[in-house]
Amino acid sequence: MSSTSLFQRDQFREALIQSFMKLAPRTMLRNPVMFTVEIGTAIMLLVTLYSAFSGDDSQGSFGYNAVVFLILFITLLFANFAEAIAEARGKAQAASLRKLREDTPAKLKLADGSLKTIRSSELRKGDAFYCEAGDTIPTDGEIIQGLASIDESAITGESAPVIREAGGDRSSVTGGTRVLSDRITVQVTSEPGTSFLDRMIALVEGASRQKTPNEIALTILLAGFTLVFLIVCVTLKPFADQANTVITIASFISLFVCLIPTTIGGLLSAIGIAGMDRALRANVITKSGRAVETAGDVDVLLLDKTGTITIGNRKATAFFPAPGVARERFISASALGSLADETPEGKSIVELAGADAVKGLSIAGAELITFTAETRSSGVDLPDGRRIRKGAQDAMRKLAERSGHQMPMEVDEVVKRISSNGGTPLVVTENEQVIGCIELQDIIKPGISERFERLRKMGVKTVMVTGDNPLTAKFIAEKAGVDDYIAEATPEDKMAYIKKEQQSGRLVAMMGDGTNDAPALAQADVGVAMNSGTAAAKEAGNMVDLDNDPTKLIEVVEIGKQLLMTRGTLTTFSIANDVAKYFAIVPALFMVSIPALGALNIMNLQSAESAILSAVIFNAIIIPMLIPLALKGVTYRPIGASAILRRNLLIYGLGGVIVPFIGIKLIDMLITPFF
């Protein structure tokens, strides 16, 4: 996604208009704090009109009441503007996405195999369409035939084309992307209006944003504060009467508005929207604000080894034939079992075998055995009766033992040596008899251990998930610096681990791309599916990574923590503000009739009227001043929860008390000449 500056002219204009539109009581009712401010503003409008037409100054002069009304009205507009500018930034991104959703031609494949050109809006789930070089993919789907190079830059912002092909975990295509080469047949996986692009647009516009549980809880807390301060202001009336102090309606409403947490009340929605926006700018689509927020509370992170911790694309580096097996025979069998294997590992075995060894080999008429998570092996059944398999050592051992064969002790030792060196042993069998072992090597990504250390400081436990044997898994886990690992992992193992951690009260995040990852993605509290993955994986997760970057999960956690920190710090600042405003207004109201209270007028404000105006002006202008912080977020540093709490209390708690004292005093000095 293209980045946009904080305030663009068009967005600013749109947000300004929406600030007035959001004044509708039905809209304001969703924010109890600001709704009470709107009620107070309406009352001040009536008081202002009364003082203008009646000439009665018992409730203050017309000018004084009019100024209080205008300041309260501006406070409402500022609060609405904070939410509107956050929404406008999302709508600007939605506008560029909407261009991709144009009604493009689709070549519908009919039952007799012929093609019929229709509009993309006429496609239904289950239909199959055909695309070739130059075509724009009309809607979301799964490739069921062929492979193609696809330009996904319109969605991901990445200019490099990607390969998508039938079968496997990279068969999913997204509407709005463009085919650059070859031909594919795609089956539609979504109904009109529910495609990935449609959901992206709805999310970034904020149309489908719902308040998260934490946000609802905070709203209830703020509503409770508002009720308490309403009672405080109402009970001041009998005290004022007892002290023969006249407190005007303007004073009561101003005191009430200044004491309730208007700052966080006005910025709360903007913080939530901005959190989703930051995720989007990191090329992560969230299906709800809850997903981003939950990411900030994650305790356990499940990460695939290949492509995340290691560079991936393991390569064959050595052949180790079993005793009594000629090296040439073993290399030939390994190459035969890999000729049809399109994985990087399979291709590297053929490459290592060499052109001379492969030259005369053929698998014409053979039955290909593809890799599955259950068998953890692949191979070929040749026409001459030979059955060649290659796979994990435990799977190959069981295969051999079921046929009455034993794994040679020498092969066992080679497997252990390869594993202890961080390699992956691939055992090869012919007719269920072990004939040797192939060494595969992978490289740990540079800097990954530092990232895990950063997560550890956040209090997040990292778990490596791998299909490797326990020895290899342990070696890489120790070298990479992860806290735990799941070796020889099956979909059931991932699910069991996630459930175990959740039963211990922990929140779990996981990233996956395959159909076999879908159950675990659905079970995890935060499931991030890769955009290149299957439709099942994207449907099961609550986030989609457009960049297909397995390490993005780490960034998602940081975005979530930044959202929670921003909300917490601004809430602290807002409540601390109320303390200073209390000392600004209450002593000024009573110090004439009760001179002893003058000692509490520590800001030495000129009069009750100047104190009230200074406080409400500060209360209004602090909201737009904090909008950039709400949108950008508080800078997150992995220093631990207790250290963050101390830092926030010092900066935003103490600062929230000091800043209003300075601000209100300066405003009082500026407006005093007008009294």
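Index from 1, following the sequence. Heavy atoms only: backbone and side chains are in, while hydrogens, waters and symmetry mates are out. Model, not experiment: these values are computed from the prediction.
Going from atom CG of Asp412 over to atom SG of Cys437 covers 10.0 Å, rounded to the nearest 0.5 Å. For the atom pair CE (Met565) and OG1 (Thr635), the distance works out to 7.5 Å, reported to the nearest 0.5 Å. Atoms OG and CG, on Ser172 and Asp140 in that order, are 6.5 Å from each other to the nearest 0.5 Å. One finds the CD atom of Glu478 at 13.5 Å from the OG atom of Ser449 (value rounded to the nearest 0.5 Å). With values rounded to the nearest 0.5 angstrom, Ser377 atom OG is found 13.0 Å from Gln393 atom CD. Interatomic distance, CE of Met510 versus CG of Leu303, reported as 10.0 Å (0.5 Å rounding).
The environment of Lys474 atom NZ is sparse: at most 12 non-hydrogen atoms of other residues, nucleotides or ligands sit within 6.0 angstrom. By the 6.0 Å contact criterion, CZ on Arg183 is open, its count of non-hydrogen atoms from other residues, nucleotides or ligands being 12 or less.
At least one donor-acceptor pair closer than 3.5 Å links the side chain of Ser348 to the backbone N or O of Glu345. Panel note: side chain Asp384, backbone Arg386; a donor-acceptor pair is recorded below 3.5 Å. In this structure, Ser332 contributes its side chain and Glu328 its backbone to no donor-acceptor pair below 3.5 Å. Under the 3.5 Å distance criterion, the side-chain polar atoms of Asp545 are left unmatched by any main-chain donor or acceptor of Val284. Looking at Thr566, its side chain does come within 3.5 Å of a backbone N or O of Val634 through a donor-acceptor pair. No side-chain donor-acceptor contact under 3.5 Å links Gln562 to the backbone of Arg278.
Put simply, the side chain of Val179 does not reach to within 4.5 Å of the side chain of Glu132, judged on heavy atoms. Looking at heavy atoms from C-beta onward, Val415 lies out of side-chain contact with Phe320 at the 4.5 angstrom threshold. In this structure, the side chains of Ser403 and Gln433 stay at 4.5 Å or more apart for every pair of heavy atoms. A heavy-atom distance below 4.5 Å is not found between the side chains of His405 and Val434. Using a 4.5 Å heavy-atom cutoff, the side chains of Asp525 and Val298 are not in contact. The side-chain heavy atoms of Leu180 and Arg178, taken from C-beta on, include a pair separated by under 4.5 Å. Using a 4.5 Å heavy-atom cutoff, the side chains of Arg387 and Glu430 are not in contact. When side chains are defined from C-beta on, Leu426 does not count as touching Val428, because their heavy atoms never get closer than 4.5 Å.
The existence of a salt bridge linking Lys461 and Asp483 is excluded, since no basic side-chain nitrogen approaches an acidic carboxylate oxygen closer than 4.0 Å. Using a 4.0 Å cut-off between charged nitrogen and carboxylate oxygen, Lys561 and Glu558 do not count as a salt-bridge pair.
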CA sep, side-chain torsions, deciding dist, call: Leu115, Lys109, side chain to side chain contact (heavy atoms under 4.5 Å, CB included) = CA-CA 5 Å; Leu115 299 176; Lys109 199 165 187 177; 4.1 Å; yes
Given the rule in the side chain to side chain contact (heavy atoms under 4.5 Å, CB included) test, do Glu165 and Ile143 qualify, once you have shown the distances and angles that lead to the verdict?
-> CA-CA 6 Å; Glu165 58 185 324; Ile143 300 175; 5.6 Å; no
Might you work through the side chain to side chain contact (heavy atoms under 4.5 Å, CB included) test for Arg456 and Glu453, ending with a clear yes or no?
-> CA-CA 5 Å; Arg456 197 170 290 111; Glu453 181 59 31; 2.7 Å; yes
Pair Glu432-Arg402, side chain to side chain contact (heavy atoms under 4.5 Å, CB included): steps then yes or no | CA-CA 8 Å; Glu432 292 77 50; Arg402 279 198 299 267; over 6 Å; no
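In this structure, Leu302 and Val465 approach most closely via the heavy-atom pair CG-CG2, 4.0 Å. The minimum heavy-atom distance linking Ile349 with Phe319 is given by the pair O-CZ, 3.9 Å. Closest approach of Ile498 and Ala520 over heavy atoms only: CD1-O, 3.6 Å. Closest approach of Gly423 to Pro425, counting heavy atoms only: O-CD, 3.8 Å. Ile309 and Ile448 make their closest contact through O-CG2, 4.1 Å (heavy atoms, listed as atom of the first residue, atom of the second, distance). Between Glu488 and Pro470, the shortest heavy-atom contact is OE2-CD, 3.4 Å.
In this model, no donor atom of one side chain and acceptor atom of the other lie less than 3.5 Å apart for Thr294 and Asp297.
No option in Thr429, Asn431, Asp381 other than Asp381 meets the side-chain hydrogen bond (donor to acceptor under 3.5 Å, both in side chains) test with Arg389.
Cation-pi geometry between Lys494 and Tyr497 is not met at under 6.0 angstrom from the ring centre and within 45 degrees of the axis.
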